[in-house]
Structure formats: C-alpha cells, structure tokens
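Structure first, then comments.
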2 protein chains.
Amino acid sequence: MPLTGHPIVTRLTRSMKLNAADLKSLAAIFERDLTFRKREELVVHGSEFRNLCFVKDGYAIRYRLLRSGKRQILKLIMPGDVIGFPVSFFDRSSYAVVATSELTYAVCPFDSYIRLCYEQPQFGLVLSWLAAQEAATYAEHIVNLGRRTPIERLAHLLLEIHARLLEVGRAGETSFELPFSQEVMADALGLSVPHLNRVIQRLRAEQLITSNARFIDLTDLTSLQRLAQYEPMALVPIPVLKPGQ
Amino acid sequence: MPLTGHPIVTRLTRSMKLNAADLKSLAAIFERDLTFRKREELVVHGSEFRNLCFVKDGYAIRYRLLRSGKRQILKLIMPGDVIGFPVSFFDRSSYAVVATSELTYAVCPFDSYIRLCYEQPQFGLVLSWLAAQEAATYAEHIVNLGRRTPIERLAHLLLEIHARLLEVGRAGETSFELPFSQEVMADALGLSVPHLNRVIQRLRAEQLITSNARFIDLTDLTSLQRLAQYEPMALVPIPVLKPGQ
DNA sequence: GCTGTTCATTGATCTGGATTAATAATCCTG
DNA sequence: CAGGATTATTAATCCAGATCAATGAACAGC
C-alpha cells in the first residue's frame with residue numbers, strides 16, 4: 001500500500017521528521033483504501049472500533065447526538081486526519097462519525113499499529129504527537145464555546161479550517177473552498193443556523209471575509225486573527241532516536 | 001524516587017497492566033517532588049515547558065485567559081493527572097496552569113521520558129493512552145458547553161469529578177469533598193457565578209444532590225446520570241507486548 | 001430540462017442567562 | 001480572636017441568541 005501523496009505523510013514528515021525507512025514500515029501495515037459516499041456512517045455511536053483510518057481525501061464530522069435531538073460536532077475531519085483515535089483505546093465509541101462528502105481513507109488495524117510500536121518505538125510517539133495536536137484543537141474548541149462571542153467563534157473556526165487545509169495543500173494563501181455547510185458549522189460552534197448565518201453576514205459587512213456558499217476568502221487575515229485571538233499551533237518535532245543512541 | 005502510593009500508579013496499573021519492572025523503570029527517571037502553594041502558577045501562558053509532572057496531591061486548573069478578561073477553564077487537574085502533556089510537544093504553552101490548593105507533583109523531564117520510550121516502547125503507548133483519556137474528557141467538555149443546558153452541564157461536571165476522584169481513592173460511593181470553588185466551576189462550564197449558584201440550588205431543590213460549600217453528596221446518582229446523559233469512559237488496556245513477542 | 005431535496009436567507013417573538021450590584025457567610029492570617 | 005480577603009448568595013434589569021416559520025436559491029437524480 002503506497003503512501004505517496006498521502007496528506008498524512010505530508011504532516012508526519014514535516015513535523016515528525018520521519019524518514020523514508022519509517023514511512024516504508026508504516027506503509028507495510030496499511031491494509032487497503034476504502035471509499036465512502038456522502039452521508040455514510042464511518043463510526044457508529046456505541047460500536048467497537050479498532051482501526052486507525054488515515055483520511056486521504058474528503059470530509060467528515062465527528063459528533064455526539066443528544067436525546068433532545070441537539071447535535072454537537074466535536075471535530076471537523078479533513079484530509080490528513082486520523083479517524084479511530086482515540087476511540088481505538090476505548091471499549092466502545094462514545095461518538096459517531098459521518099462523511100460529509102465522498103471520502104477515502106487508508107485502513108490500518110489498531111493491533112498492527114501497536115505491534116509496530118514495539119518494533120519501532122518512534123511510532124508510539126507519532127501516536128502521542130497526533131494526540132497532542134488533537135488535544136490542542138479540542139482545547140481551542142472549548143475556549144470557543146465557553147467564552148468567545150459568536151463572531152469570534154466563527155472567525156476562529158475559519159482560521160482553523162484554513163490553517164489545517166493549508167497544511168495539506170488544500171487551500172490558497174487566504175482562500176479556500178468551504179468544505180462544510182452552515183448547518184455543520186453551527187453545530188460545531190454551538191449556534192443555531194439562522195444565527196450563524198447572521199454572524200457570517202456580519203463578518204462580510206465588516207469586510208473581514210468575502211464569501212459565497214462554497215468559496216471563502218479571508219480578506220483581512222490580520223483583523224480576523226486579532227478578533228479571534230488566534231494563536232497558531234507550533235509543534236516541536238520529537239527527536240527521533242534510533243535504538244542504539 | 002519511589003512511586004508507592006502515587007495516584008498515577010493506581011491509574012497506570014489498573015488500566016495499563018504495567019508490572020513491577022515497568023514501574024521501576026518509570027520511577028528511575030523521576031527527578032524529585034515539588035510542592036506549590038495555593039494560587040502559585042505552575043505553567044505560565046506563552047512559556048516553554050518540557051516536563052511531565054505527575055500530581056501526587058492537591059488541585060489545579062488549566063485555563064486560558066482572553067483579552068476581555070473572561071477565563072475558560074480547560075481542565076480540572078486532580079491527583080493522578082499529568083501536567084505538561086500535551087504542552088511538552090509544543091513550542092510554547094497556549095494556556096496557564098495555577099494551583100487551587102496546596103499541590104505536590106513529581107517531575108520527570110520530557111526528554112528522559114522520550115529516551116525511555118525508545119528503550120521500552122510500552123511507555124510511548126502509556127503516553128498515548130493518557131492522551132486518549134485527556135481527549136475523551138475534552139470531548140465531553142465540548143458537548144457540555146455546546147449543547148447541554150446549564151443544569152445538565154453541572155450534573156455532568158459533578159459526575160465527572162466524582163468518577164475521577166473515585167478512581168484515585170479520593171471519594172466515597174456517592175460523596176466527596178468539593179475541591180473547586182463555584183467561580184472555578186462557573187469558568188469551566190461557561191456560566192456566570194450567580195447563574196451557576198442558582199443551578200446548584202435547583203439541583204438541590206430537585207433532590208438530586210445534597211451539598212454545602214465544601215461537601216457534596218450525589219443523592220440520586222441514577223437521575224443525575226440520566227439528566228446529564230452521562231456515559232462512563234471504558235478504556236481498553238493496551239496489550240503490553242515485550243520485544244520478543 | 002424538470003422536480004424534489006437540500007441548503008441559505010430573512011423576519012418576528014420570546015426567554016435564558018449575562019451583567020451589575022449589594023449583602024452574607026466563611027476562611028485565613030497576623 | 002479580630003479584621004481583611006475570599007467565596008457564596010440574592011435581587012433587578014436587559015439583551016443576545018434560540019425558536020419558529022416561511023421563502024429563495026442551488027443542486028442532484030431522473
């Protein structure tokens with residue numbers, strides 16, 4: 001299973017200093033690619049799930065549905081993300097994942113990955129590193145929901161989406177195709193759809209963005225960052241030692 | 001640095017199946033205990049931080065302060081928790097940590113831990129496992145803030161605190177000393193202090209809890225769990241293989 | 001190209017929770 | 001044990017954002 005051009009490789013090589021040999025070991029335990037249609041469920045709430053799935057292309061959302069019918073989106077899933085962490089560490093999944101566009105991922109059984117960690121310890125750290133990024137994204141989400149105003153939340157979300165798309169070559173300097181609907185963004189930001197819509201219009205009116213339904217330009221990036229109090233993440237590459245060192 | 005009686009050991013042996021030899025390796029890289037007074041800053045926002053600090057006793061909060069003066073608490077830190085993950089993976093800390101009671105932790109330099117991971121790969125997985133728990137707690141926090149009502153949020157928070165205290169032997173079957181002030185809980189739940197106070201009284205009035213300023217009894221645990229739609233976490237122990245297997 | 005479905009937009013109403021402020025209880029510390 | 005500093009409680013006002021409802025635009029499948 002070749003990994004060439006895979007967005008997760010872009011992330012791992014840039015930030016984790018994995019070399020060609022590492023990537024070969026990783027490629028060896030990938031089983032196959034799977035493709036899903038829009039709206040297909042990738043992970044069912046309450047089910048067991050023991051795979052690491054590296055998204056090659058397409059978009060999805062990880063969410064929790066409450067009895068009241070309200071939905072909270074935990075994470076927007078994009079190319080280069082891993083589905084199946086941290087759920088593989090748990091008995092059953094406490095959330096669901098559904099594709100919001102056609103989506104392809106490469107499957108790697110969790111057990112194979114664990115075995116690889118024992119052979120080549122750097123992969124245990126790769127997992128921790130991915131987890132650290134995940135935790136940092138979650139932390140921002142918490143700040144967003146708890147203490148930012150709706151306009152700040154939206155600004156922050158747009159900056160986050162842009163940064164993550166940029167990392168895997170899916171965005172321009174300031175612009176990108178909006179991969180998520182307003183309903184999805186509203187459920188990520190804890191807002192109602194009509195209110196989110198008004199907030200979008202407010203950002204447009206204040207000339208911070210230019211957008212239509214499917215395309216967005218962060219016209220005034222600096223002001224957006226100030227408004228959202230956005231701090232880009234700066235991960236430190238883990239020193240990859242080899243057994244002898 | 002002996003680890004006997006350390007609450008983190010309770011967690012690791014119960015869930016990660018670490019054996020005596022593993023614990024000895026871990027103990028070997030611990031440097032010393034440090035004790036802090038209430039209100040002392042443990043991690044400064046924007047600073048570098050390259051230590052894993054295992055909390056032996058006492059309480060703290062991880063939080064972000066916004067320009068507006070609003071504070072969002074990201075995590076309530078209790079005995080058995082690790083301060084310094086995931087911040088050690090980052091260039092600088094994007095949050096602050098401050099003790100809310102006298103607190104003691106054992107320090108382990110991040111570099112030593114990384115080195116240990118290369119000698120004994122199971123420790124890389126220990127870190128991933130801790131990260132998975134952290135991520136799951138964050139995820140619940142997101143659902144809380146985004147889509148639960150204030151009374152549901154509080155019920156969920158109390159259940160979470162209780163479960164975490166129980167895990168390290170700091171709580172009874174349904175009751176515990178409340179280690180955090182209402183101001184802290186309000187800033188965790190994204191509510192104002194007066195409003196949180198009213199919500200507490202509502203839980204009392206509905207006979208779900210009995211409490212005063214420093215002690216709380218979850219009188220009607222079942223109803224609380226239903227109200228909060230609380231699902232306890234069920235982590236799967238990682239299979240600890242040894243190099244030969 | 002037509003049609004049903006999904007998604008975006010707009011308007012009117014109403015309430016939950018913020019805000020502000022003042023007081024009471026409690027905890028420390030000298 | 002007295003006095004100051006926290007922390008908890010209560011009350012009054014007000015507005016942001018939910019809710020409900022309806023229309024318009026865009027799109028996918030036939």
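The structure presented is a predicted model; accordingly, all values stated were derived computationally and were not measured. Within every chain, numbering begins at 1; the chains are lettered A, B, ... in the order of the sequence lines, protein sequences first and strands thereafter.
- In this structure, B/L189 atom CG and C/dG16 atom P are separated by 19 Å, rounded to whole Å.
- A donor and an acceptor atom, one from each side chain of A/E167 and A/H162, are nowhere located under 3.5 Å apart.
- Taking every side-chain heavy atom of A/S181 into account, C/dC7 is the closest of C/dC7, D/dA18, C/dT26.
- When atom types are taken as modelled, the side chain of B/R148 and the backbone of B/A228 share a donor-acceptor pair closer than 3.5 angstrom.
- The nearest whole Å value for the distance from the CD atom in B/E102 to the P atom in C/dC27 is 18 Å.
- Following rounding to the nearest Å, A/L145 (CG) and D/dG17 (P) show an atom-to-atom distance of 13 Å.
- Closest to the side chain of A/Q182, out of C/dC7, C/dA8, C/dA21, is C/dA8.
- Per the geometry, CG belonging to B/L154 stands 13 Å off P belonging to C/dG17, to the nearest Å.
- Across C/dC7, C/dT9, D/dT10, the shortest atom-to-atom separation from the side chain of B/N197 is found for D/dT10.
- Side-chain contact between B/F215 and B/L178 is absent, with no heavy-atom pair separated by less than 4.5 Å.
- Each of A/R153 and A/A213 has a nearest nucleotide on DNA chain D; the 5'-most of these lies closest to A/R153.
- Across all strands, A/R147 comes closer than 4.0 Å to no nucleic acid atom at all (heavy-atom distances).
- Of the candidates D/dA18, C/dA18, D/dT7, D/dT7 carries the atom nearest the B/R39 side chain, counting heavy atoms from C-beta on.
- Note: CG (B/N212) to C1' (C/dT26) measures 11 Å, nearest angstrom.
- For the side-chain contact (heavy atoms from CB on, under 4.5 Å) test with B/I151, the passing option among B/L203, B/I200, B/L208 is B/L203; the others fail.
- Phosphate proximity of D/dT7 to B/K38: present, with a side-chain N or O under 4.0 Å from OP1 or OP2.
- Atom CE in B/M185 sits roughly 11 Å away from atom C1' in D/dT7 (whole-Å rounding).
- Closest to the side chain of B/P150, out of C/dA8, C/dA12, C/dG17, is C/dG17.
- A donor N or O paired with an acceptor N or O is not found under 3.5 Å between the base of D/dA16 and the side-chain atoms of A/R198.
- In terms of phosphate contacts, A/R202 brings no side-chain nitrogen or oxygen within less than 4.0 Å of OP1 or OP2 of C/dT9.
- A donor-acceptor contact under 3.5 angstrom links the side chains of B/T35 and B/T104, judged on distance only.
- The side chain of A/Q201 has C/dT10 as its nearest neighbour among D/dA18, C/dT10, C/dT19.
- Counting only heavy atoms from C-beta on, A/R214 has its side chain closest to D/dC27 among D/dA11, C/dG17, D/dC27.
- In this structure, of D/dA8, C/dT19, C/dG17, it is C/dT19 that holds the atom nearest to the side chain of B/K70.
- Among the protein residues, B/I200 comes within range of no part of the nucleic acid, since none of its heavy atoms lies under 4.0 Å from any strand.
- For the pair A/D187 CG and D/dT19 P, the computed distance is 11 Å after rounding to whole Å.
- The NE2 atom of B/H195 sits 18 Å away from the C1' atom of C/dA21 (whole-angstrom rounding).
- Side chains of B/I142 and A/K75 form no contact here, defined as non-hydrogen atoms less than 4.5 Å apart.
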